[in-house]
Number of protein chains: 4
Amino acid sequence: MEQTADERPRRRQARGERRIAQLLEAAASVFCTTGYTAASTNAIAREAGVSPGTLYQFFPNKEAIAVELSDRLMHEMRETYGKALRPIAPETPLEEVIAATVDRFVDFNCRHPVFFALMHGPDVPGAMAQEHDALHAALIGRVEALLTPFLPDARTEEIARTSRMCVGIYKGGLELILAHEGAEREAYVQELKNVLFRYLDPLLMDSYPLGV
Amino acid sequence: MEQTADERPRRRQARGERRIAQLLEAAASVFCTTGYTAASTNAIAREAGVSPGTLYQFFPNKEAIAVELSDRLMHEMRETYGKALRPIAPETPLEEVIAATVDRFVDFNCRHPVFFALMHGPDVPGAMAQEHDALHAALIGRVEALLTPFLPDARTEEIARTSRMCVGIYKGGLELILAHEGAEREAYVQELKNVLFRYLDPLLMDSYPLGV
Amino acid sequence: MEQTADERPRRRQARGERRIAQLLEAAASVFCTTGYTAASTNAIAREAGVSPGTLYQFFPNKEAIAVELSDRLMHEMRETYGKALRPIAPETPLEEVIAATVDRFVDFNCRHPVFFALMHGPDVPGAMAQEHDALHAALIGRVEALLTPFLPDARTEEIARTSRMCVGIYKGGLELILAHEGAEREAYVQELKNVLFRYLDPLLMDSYPLGV
Amino acid sequence: MEQTADERPRRRQARGERRIAQLLEAAASVFCTTGYTAASTNAIAREAGVSPGTLYQFFPNKEAIAVELSDRLMHEMRETYGKALRPIAPETPLEEVIAATVDRFVDFNCRHPVFFALMHGPDVPGAMAQEHDALHAALIGRVEALLTPFLPDARTEEIARTSRMCVGIYKGGLELILAHEGAEREAYVQELKNVLFRYLDPLLMDSYPLGV
DNA sequence: GATGAATGAGGATTCATTCAT
DNA sequence: TATGAATGAATCCTCATTCAT
């Protein structure tokens, strides 16, 4: 469409790449501590130990930082779990799939706490909506891919709805998981698995009357 | 003299009450459209049609507005549903309880969209944390009260955990419900009920093996 | 059309009016010394001895300041010369009309040097274009009104063109006048009168073959 | 070795010349669209397709770019019209001289729109004042040279004043000419010629009472 | 109680310029 | 030479809050 942005790819120097990583790291930290909305580009630059101008050499605005951060998170998510998930055999019991998936997602969130901050995004539609949605959509997409083989008879619409519900449940549960530690955290993880299993299991029943 | 003295304060208070209600209404509107973090007191005052100074005559700061708003919401929630819930007979099937509760909560949220904004509150711990938690805690308390009769054998801890999970699920589901309209919204409402029922039903089984 | 701005007239306090005058005076000063484009709102506020926030309580941006300043200048121009010009008798010799008009305009410019800065406006079309044009248009309008009785046979188009030329000439001459002082300035004033007279006189000849 | 040493510098200079031309072209474009004051060196570099660092390898600052641009414009003006003007015979009627000169200047301005931007320069004394004046002075010098043979009796001072007036008139007229197109533009060109002719013709009369 | 004025620090962003590679 | 990185002061503008009237 329009080429206003990114007119030319402009080669990046190694130093620049490092700065970008540094800035994204700083942004992640700031987003986590103050939230996306309240985070300021100046604070991010300060956290990264660079001047405001430097930040703007790499990102046109705060949203672009969140976008890039989201992209990298999604990419790493794919890298880390995408391959691991492929070999899921159709016969794998749902319980195991859920357990593995929740464990992975929780693990991922613990290693990248900013994921949570970005998921909730701005308090409000509008700013950053598209990226917020992009992260969301990616997550939903992954869940859809995961669920589809289990629900061959379901309509696309239903799968979409179910996947969204799962992600919604996951978000609700994650908040609790991250708010606790140790054994209590584990307990919440288990509860989350229970919720998801009990929610999804009956749906499978419908699809695979001969299942189990 | 004494009559006037008797009346004046009343009038003042009456006017004050109207002002406060006006301001809270405006705040609700602004919180909904811009989110709590991005909302500005000036914007609230403008929306209320008063000057900034007037706002600060009734509230010491932005957070106090959110606090009062939350308090009133919680109060109304109690007023509206508290009484209605009391006559719940222990024999009432869980399914009905859940359906009624979800319907009521969803209805409440639709009538007070700011509830959702306040629930999510600032993206982050810090500002308004206590109030955010107060709303939360109130909600959890209600759910605990609702669940306890169904889970007489459960330990307090478990009830707390389960209630929190329910609230977490509810929040996740509500976001989806509010994001859709018409039939699709209804479908999500039903899904939310399903999730909660399937999650809670087995717990009851344990408690009331002979139940229902 | 749209009511986005100036939703309610908001009463102004006396203090506010004084501040506005003060700010406009400061703006005039800054526009004169740095030019419109390079003038900064902070510099204007500083010059006025107030904080940036105060400036923005009265003006939404730099352009609005220029607009208001222009409006007031135009208003004063009307106040000062509008009445004085009315009694121009048709028999008044062109030479006198020009001399009086130039003297008045020059005098006005000397008392309000910012007029010149605003006339030239931003270096470029775009920003402030409309206001720049408004000042211009007002000036041209005045000249048209002045010329029309002298050129009864001319088409509107021609009068417009002639008036624009006169204003253009005037602007060119004014720059020279303001750049000099004392006798030299007077000499340029005289030259400007000469130019205008010699330009316009032949046009009258055509109209009033029996004139003079 | 020496050959390469001989060639390299040349190539470098050739490349440098190209770069400079490229940068000046870009600067002309940016000055035209945003005006001198608002033009940024970064924007010029971007327009030229080079990095900011490269720009500063050839020009110490923004003003130097304008200076060099002006110099080249003046040079081209001399190249193009200087020779053409020389053979002006003293008997050439003033009308023709003016017509030819105006046509040439207008033509020049249409081919180099940046000339106009530089003529007006920064709105204000200060930055770039000297260069602004240099362009101006050059223009005035040319007009003086043009007028002197027609006004042999006039004092230097008067010639200077008259020339400045002509340039001032020209600037005023040029703005109108550039603001219009087609037939209307032509009409303004004609008006400008008229103004200048009527202004200057009587001066000649004084000098050459027996002239023509 | 109500208003609008006032603040000044802080927000995002730009810019002329210098530096390392 | 050329590049892109880096700077930090300066830009415009907002905001929570206080003050005078």
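All values derive from a computational prediction rather than experimental measurement. Chain A is the first sequence line, chain B the second, and so forth, proteins listed ahead of strands; every chain is numbered from 1.
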Review point. With D/A64, which residues qualify under side chain to side chain contact (heavy atoms under 4.5 Å, CB included), at least two apart?
Key: D/F59, D/P60, D/N61
Check your understanding: Where each pair must be Watson-Crick or G-U wobble with both distances under 3.5 Å, what dot-bracket representation of DNA chain E is obtained, with crossing pairs in [ ] and other-strand partners as |?
Key -> .||||||||||||||||||||
**Study point:** Verdict with reasoning, C/Y36 to D/T37, per side-chain hydrogen bond (donor to acceptor under 3.5 Å, both in side chains)
**Key:** CA-CA 10 Å; C/Y36 174 78; D/T37 309; over 6 Å; no
Check your understanding: What does nucleotides 11-17 of chain F look like as a protein-contact string, B for base, S for sugar-phosphate only, - for none, at under 4.0 angstrom between heavy atoms?
Key -> SBBBSBB
Review point. In whole angstroms, how far is the P atom of E/dT21 from the CD atom of A/E17?
Key: 17 Å
Practice item. Could you list the residues that satisfy salt bridge (charged side-chain N to carboxylate O under 4.0 Å, His left out) with C/E25, not counting sequence neighbours? Key: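 Expected list: none.
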Point to revise | Set of residues satisfying salt bridge (charged side-chain N to carboxylate O under 4.0 Å, His left out) with respect to C/R46, sequence neighbours excluded | key: none
Check your understanding: Mind checking what makes side chain to side chain contact (heavy atoms under 4.5 Å, CB included) contact with A/T54, not counting sequence neighbours?
Key -> A/R19, A/V50, A/S51, A/F58
Review point. To the nearest angstrom, how far is C/L55 atom CG from E/dA5 atom C1'?
Key: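 The distance from CG of C/L55 to C1' of E/dA5 comes to 13 Å, rounded to the nearest Å.
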Practice item. Starting from P on F/dA5, measure out to CD on A/Q57 and report it in whole angstrom. Key: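 So the two atoms are 6 Å apart, to the nearest Å.
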Review point. To the nearest Å, how far apart are A/I20 CD1 and F/dA5 P?
Key: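 These atoms are roughly 7 Å apart.
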Exercise for review: Nearest whole angstrom, please: distance from the C1' of E/dG1 to the CZ of B/F59.
Suggested key: 15 Å
Check your understanding: Hey, which of these two, C/F58 or B/R19, hits DNA chain E nearer its 5' end, going by closest nucleotide?
Key -> B/R19
Point to revise | side chain to side chain contact (heavy atoms under 4.5 Å, CB included) partners for B/A39, two or more places apart | key: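 For B/A39 the side chain to side chain contact (heavy atoms under 4.5 Å, CB included) partners, ignoring immediate neighbours, are B/V30, B/F31, B/T34.
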Check your understanding: Between F/dA2, F/dA5, E/dT7, which nucleotide has the shortest distance from any of its atoms to the side chain of C/S51?
Key -> E/dT7
Check your understanding: How would you list, by chain and number, every residue that makes a salt bridge (charged side-chain N to carboxylate O under 4.0 Å, His left out) with A/R15, sequence neighbours excluded?
Key ->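 Salt bridge (charged side-chain N to carboxylate O under 4.0 Å, His left out) list for A/R15, sorted by chain: empty.
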Exercise for review: Just jot down the salt bridge (charged side-chain N to carboxylate O under 4.0 Å, His left out) partners of A/E76, sequence neighbours excluded, or say none.
Suggested key: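 In terms of salt bridge (charged side-chain N to carboxylate O under 4.0 Å, His left out), with neighbours along the sequence ignored, A/E76 is linked to A/R111.
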